[in-house]
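Note that these values count all heavy atoms, side chains included, but never hydrogens, waters or copies made by symmetry. We count ligands from 1, going down the list as the structure has it; atoms in each ligand are counted the same way. These figures come from a predicted structure and were not determined experimentally. Numbers for residues simply follow the sequence, beginning at 1.
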Amino acid sequence: MAQILDGKTLSKEIEAELTERVKKITAKGHSPKLAIMIVGNDYASQTYVKMKMNASKRIGVEPIEFHFDETATTEQILKTLKELNNDKNVVGIMLQHPIPKHIDERKIDDSILPSKDVDGLNSASFGAMALGLTAFAPATALSIMTILHRYKIQIEGKYAVVIGRSAILGKPVSLMLLNDNATVTICHSKTVNLPEIVSQADIVVAAVGKPKFVKAEWIKKGAVIIDAGYNEGNVGDVDLFNAAEISSAYTPVPGGVGPMTIAMLLEQTVIAAEKEFLNK
Ligand code: NAP
């Protein structure tokens with residue numbers, strides 16, 4: 001019977017650990033804050049921001065939301081960002097994606113101080129992470145790695161196939177698996193013979209954005225399935241109903257990678273706060 005890699009329970013455990021760590025900071029009279037910037041009125045984004053703010057409150061970090069109008073300019077957002085970068089109590093800053101096309105997303109992400117880049121999306125953080133140096137990592141990629149580590153799934157020497165190469169997910173998780181000594185293949189929309197490649201994988205990471213895209217027939221018996229997808233109707237990118245049985249372990253959707261992503265944003269926020277206030 002396949003093991004369920006339960007991200008929901010794990011995220012609760014991590015939140016409890018983080019709450020204790022935050023208490024040590026607030027006990028010294030400090031009040032760390034997490035700034036979340038959101039642009040426009042995308043319903044899903046607003047829901048995600050609400051979830052992040054609630055989780056932040058639960059661990060004792062005060063969230064502050066900066067809600068910009070759909071018509072806001074890159075310069076307006078950068079002006080707020082500059083103030084946040086200079087505010088000692090703001091230990092973490094993130095921009096909720098997606099943002100309207102007219103805004104220079106890269107410029108904003110890259111203007112977040114690396115020490116406050118708790119969502120791990122600026123180029124400096126990405127470069128350091130790719131080199132295997134200590135750096136903040138994109139939260140969803142880190143969520144996947146933390147699930148694998150905490151459930152003691154062997155990575156070293158395993159053949160991992162990642163489907164998807166986005167900057168926030170497929171690409172960073174591939175590099176993180178490589179840094180952990182997996183042999184990694186990254187697949188994308190131009191990959192030829194995808195089912196054949198996936199069928200050789202010991203670890204399959206699906207980050208495609210297409211419901212039930214990865215079929216059960218592609219999965220090698222005993223493989224570990226990480227389904228990062230989250231599509232309408234609460235379904236992932238893998239046909240888990242049929243594939244789970246073939247795997248040795250899998251992340252459910254919902255309740256796998258999703259809840260852990262918020263926990264990782266918080267963990268990186270607490271690390272930033274410890275560095276700022278406890279000189280860790
Ligand atoms: P994305 O930016 O749209 O990237 C999708 C990737 O899939 C691209 O690299 C694309 O290839 C590849 N792809 C598309 N069609 C393909 C095909 N037919 N064969 C092989 N590869 C194909 O998506 P994303 O932001 O990485 O998100 C991926 C999934 O993760 C989505 O379901 C999203 O909802 C979910 N997600 C979950 C969380 C969470 O916290 N749980 C967070 C973020 C995202 P090309 O590069 O060639 O276009």
closest protein heavy atom to atom 15 (N) of ligand 1 is K210 NZ, 3.1 Å
Using distance alone, decide if ligand 1 has a nitrogen or oxygen within less than 3.5 Å of any nitrogen or oxygen in A228.
-> yes
Shortest protein heavy-atom distance from atom 34 (O) of ligand 1, along with the residue and atom involved | Y230 O, 3.1 Å
Hey, which atoms in ligand 1 end up nearer than 4.0 Å to a heavy atom of D237?
-> 29 (C), 32 (O)
Identify, for atom 14 (C) of ligand 1, the protein heavy atom at the shortest distance, and state residue, atom and that distance.
-> V208 CG1, 3.7 Å
Close-contact set for ligand 1 against G209 heavy atoms, below 4.0 Å = 28 (C), 29 (C), 31 (C), 32 (O)
Tell me which protein heavy atom sits closest to atom 25 (O) of ligand 1, plus the residue, atom name and distance to 0.1 Å.
-> I168 CD1, 3.6 Å
Evaluate the ring planes of F213 and W218, with Trp represented by its six-membered ring, and classify them as parallel (under 30°), tilted (30 to 60°) or perpendicular (over 60°).
-> perpendicular
Does K190, backbone or side chain, put an N or O under 3.5 Å from an N or O of ligand 1?
-> no
For atom 4 (O) of ligand 1, which of P172, A167, S166 has the closest heavy atom?
-> S166
Should one rank L169, I186, T140, I163 by closest heavy-atom distance to atom 44 (C) of ligand 1, which comes out on top?
-> L169
Among all protein non-hydrogen atoms, which one is nearest to atom 12 (C) of ligand 1, and what is the separation to 0.1 Å?
-> G164 CA, 4.0 Å
Below 4.5 Å, heavy atoms only, C-beta onward: do F136 and L121 meet side chain to side chain?
-> no
For ligand 1, which atoms sit closer than 4.0 Å to a heavy atom of N231?
-> 32 (O)
For A249 and I153, the nearest pair of non-hydrogen atoms, with its separation, is CB-CD1, 4.3 Å
State if M260 counts as touching ligand 1 under the rule of any non-hydrogen atom under 4.0 Å.
-> no
Numbered atoms and elements of ligand 1 in range of T261, under 4.0 angstrom, heavy atoms | 39 (C), 40 (O)
Determine whether I203 and I147 fall in the same hydrophobic cluster, where Ile, Leu, Val, Met, Phe, Trp and Tyr are linked whenever their side-chain heavy atoms lie under 4.5 Å apart.
-> yes
Among all protein non-hydrogen atoms, which one is nearest to atom 11 (O) of ligand 1, and what is the separation to 0.1 Å?
-> S189 N, 3.2 Å
Can you tell me the protein heavy atom closest to atom 19 (N) of ligand 1 and the distance?
-> F213 CZ, 3.5 Å
For T9 and D6, indicate whether the former's side chain and the latter's backbone hold a donor-acceptor pair under 3.5 Å.
-> no
Heavy-atom nearest neighbour in the protein, as seen from atom 46 (O) of ligand 1, with distance rounded to 0.1 Å = R165 NE, 2.7 Å
If you measure from atom 6 (C) of ligand 1 to every heavy atom of G229, P254, A207, G258, which option wins on shortest distance?
-> A207
Evaluate the side-chain proximity of E62 to S56: yes if any heavy-atom separation is below 4.5 Å, no if none is.
-> no
